[in-house]
Colleague: 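Starting off with a structure, shown below.
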Amino acid sequence: GRKYVGQFRDGKYHGQGTLTSLTGQSYVGEFRDDSKHGQGIETWPNGQKYVGQYRDDKMYQGTLTLFIGGEYVGEFRDEKMHGQGTLTQSNGNKYVGEFRDGKRHGQGTYTFANGQKYVGEFRDDKTHGQGTWTFANGEKYVGALIDGKKHGQGTYTYANGDEYVGEFRDNEMHQGTYTFAGGGQY
């Protein structure tokens with residue numbers, strides 16, 4: 001069962017109102033034709049909270065504070081992160097970029113609490129396509145990635161200045177040129 005307190009039009013929730021379920025989930029905001037529509041705040045018993053715009057009973061654009069910690073600020077489609085957004089995780093990692101169906105997908109920047117940073121393409125929550133990894137120890141990879149692994153043409157620069165330019169397969173150097181900072185090549 002649910003309890004609604006608010007405005008009606010033609011026998012339907014319409015205008016400002018509060019909808020509360022027996023499970024403790026509640027919504028305070030605007031309604032249109034029995035649906036959440038417009039600005040609202042929804043809270044869940046597990047501590048999750050959404051503040052933002054609704055369209056046709058679904059989250060559309062706003063801030064979702066996650067019950068596992070962290071928050072997402074951005075666009076939604078079908079109750080999932082979708083479009084442009086920023087996901088800040090409770091461990092300090094932060095992603096700014098494109099989402100599709102609740103996953104990092106498209107162009108984005110993922111900054112890790114440990115100092116690592118990835119700027120580039122994502123597919124289904126994994127680094128995929130062209131990108132740049134900058135590591136906390138000063139090393140850097142610029143090149144192709146497939147399913148989260150270095151794969152294809154790329155350049156890996158070590159903190160000491162050594163550099164590998166060539167092909168990678170499954171995160172391993174495959175065929176290319178290794179240049180030592182002191183001038184020699186392998």
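The chain is numbered in sequence order, starting from 1. What's counted below: heavy atoms across the whole structure, side chains too, no hydrogens, waters or symmetry copies.
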Colleague: Quick check: closest heavy atoms across Ala144 and Gly152, and the distance to 0.1 Å?
Modeller: CB-CA, 4.1 Å

Colleague: Should Tyr95 and Ile68 be counted in the same cluster of Ile, Leu, Val, Met, Phe, Trp and Tyr side chains packed under 4.5 Å apart?
Modeller: yes

Colleague: Roughly how far, to the nearest 0.5 Å, is the NZ atom of Lys126 from the CG atom of Asp147?
Modeller: 4.5 Å

Colleague: Might you point out which heavy atoms bring Thr23 and Pro45 nearest each other, and give the distance in Å?
Modeller: O-CG, 2.9 Å

Colleague: Report yes if some heavy atom in the side chain of Gln7 is under 4.5 Å from a heavy atom in the side chain of His14; otherwise report no.
Modeller: no

Colleague: Check each of Gln61, Gln39, His37 against Gln53 using the side-chain hydrogen bond (donor to acceptor under 3.5 Å, both in side chains) test, and report the only one that passes.
Modeller: Gln39

Colleague: Can you check whether Val28 reaches Gln16 side chain to side chain, under 4.5 Å on heavy atoms?
Modeller: no

Colleague: Report yes if the side chains of Lys49 and Thr63 come closer than 4.5 Å at any heavy-atom pair, otherwise no.
Modeller: no

Colleague: I want to check something: taking the side chain as every heavy atom from C-beta on, are Leu19 and Gln25 in contact at a cut-off of under 4.5 Å?
Modeller: no

Colleague: Among the clusters formed by ILVMFWY side chains lying less than 4.5 Å apart, do Tyr4 and Trp44 turn up in the same one?
Modeller: yes

Colleague: Quick check: is Val5 connected to Tyr27 through a chain of hydrophobic side chains (ILVMFWY, heavy atoms under 4.5 Å apart)?
Modeller: no

Colleague: For residues Thr86 and Lys94, report the shortest heavy-atom separation together with the two atoms involved.
Modeller: CG2-CE, 3.5 Å

Colleague: Is there a chain of hydrophobic side chains (I, L, V, M, F, W, Y, each step under 4.5 Å between heavy atoms) that links Tyr158 to Phe135?
Modeller: yes

Colleague: Just say parallel, tilted or perpendicular for the rings of Tyr72 and Phe99, cut-offs at 30° and 60°.
Modeller: perpendicular

Colleague: I need the Lys36 NZ to Tyr13 OH distance, nearest 0.5 Å.
Modeller: 11.5 Å

Colleague: Write down the atom of Ala136, the atom of Asn114, and the distance for their closest heavy-atom approach.
Modeller: CB-O, 3.2 Å

Colleague: Any side-chain heavy-atom pair from Asn171 and Lys150 closer than 4.5 angstrom?
Modeller: yes

Colleague: Are the side chains of Thr43 and Ser26 in contact, using a 4.5 Å heavy-atom criterion?
Modeller: yes

Colleague: Assess whether side chain to side chain contact (heavy atoms under 4.5 Å, CB included) is satisfied between Leu66 and Glu71, documenting all intermediate values.
Modeller: CA-CA 5 Å; Leu66 304 166; Glu71 78 173 15; 5.6 Å; no

Colleague: Taking it one step at a time, do Thr18 and Lys3 satisfy side chain to side chain contact (heavy atoms under 4.5 Å, CB included)?
Modeller: CA-CA 8 Å; Thr18 300; Lys3 178 183 176 184; over 6 Å; no

Colleague: Mind telling me whether Phe168 and Tyr156 have parallel, tilted or perpendicular rings, with 30° and 60° as the class edges?
Modeller: tilted

Colleague: Looking at OG1 of Thr111 and CD of Gln116, how far apart are the two atoms once the value is rounded to the nearest 0.5 Å?
Modeller: 10.5 Å

Colleague: Hey, any chance Phe180 and Tyr141 share a hydrophobic cluster, counting ILVMFWY side chains that come within less than 4.5 Å of each other, even indirectly?
Modeller: yes

Colleague: Is a side-chain donor or acceptor of Gln84 paired with a backbone partner of Gly74 at a separation under 3.5 angstrom?
Modeller: no

Colleague: What do the steps show when you test His128 against Ile146 for side chain to side chain contact (heavy atoms under 4.5 Å, CB included), and what is the final call?
Modeller: CA-CA 5 Å; His128 190 94; Ile146 294 180; 3.6 Å; yes

Colleague: Kindly give the heavy-atom pair with the smallest separation between Ala181 and Gly161, and that separation in Å.
Modeller: CB-C, 3.7 Å

Colleague: Is there side-chain contact between His151 and Arg169, with heavy atoms separated by less than 4.5 Å?
Modeller: yes

Colleague: When rounded to the nearest 0.5 angstrom, what distance separates CD in Glu139 from CG in Asp162?
Modeller: 9.5 Å

Colleague: Measuring only between side-chain heavy atoms, which start at C-beta, is Met59 closer than 4.5 Å to Tyr54?
Modeller: yes

Colleague: I'd like to know if the side chain of Asn91 reaches the main chain of Asn93, judged simply by a donor and an acceptor atom lying under 3.5 Å from each other, with no hydrogens or angles considered.
Modeller: yes

Colleague: Whether the side chain of Glu163 engages the backbone of Thr179 through a donor-acceptor N/O pair (distance < 3.5 Å, no angle test) should be reported.
Modeller: no

Colleague: Taking ring pair (Phe, Tyr, Trp, His ring centres under 6.0 Å) as the definition, give me every residue that meets it alongside Tyr118, ordered by chain and number, with sequence neighbours left out.
Modeller: Phe122, Trp133

Colleague: Look up atom CZ in Arg32 and atom NZ in Lys12, then write down how far apart they are to the nearest 0.5 Å.
Modeller: 11.0 Å

Colleague: With a 6.0 Å cut-off (strictly less than), is the heavy-atom count around CG of Asn137, excluding the residue itself, greater than 12?
Modeller: yes

Colleague: Give a yes or no on whether Phe112 atom CZ has more than 12 heavy-atom contacts from other residues, nucleotides or ligands under 6.0 Å away.
Modeller: yes

Colleague: Checking the side chain of Glu98 only, and the main-chain atoms of Gln107 only, is there a donor and an acceptor separated by less than 3.5 Å?
Modeller: yes

Colleague: Compare every heavy atom of Met81 with every heavy atom of Phe76, then report the nearest pair and how far apart it is.
Modeller: CD2-N, 4.0 Å

Colleague: So, taking the atom named OH in Tyr164 and the one named CD in Gln185, what distance separates them when rounded to the nearest 0.5 Å?
Modeller: 12.5 Å

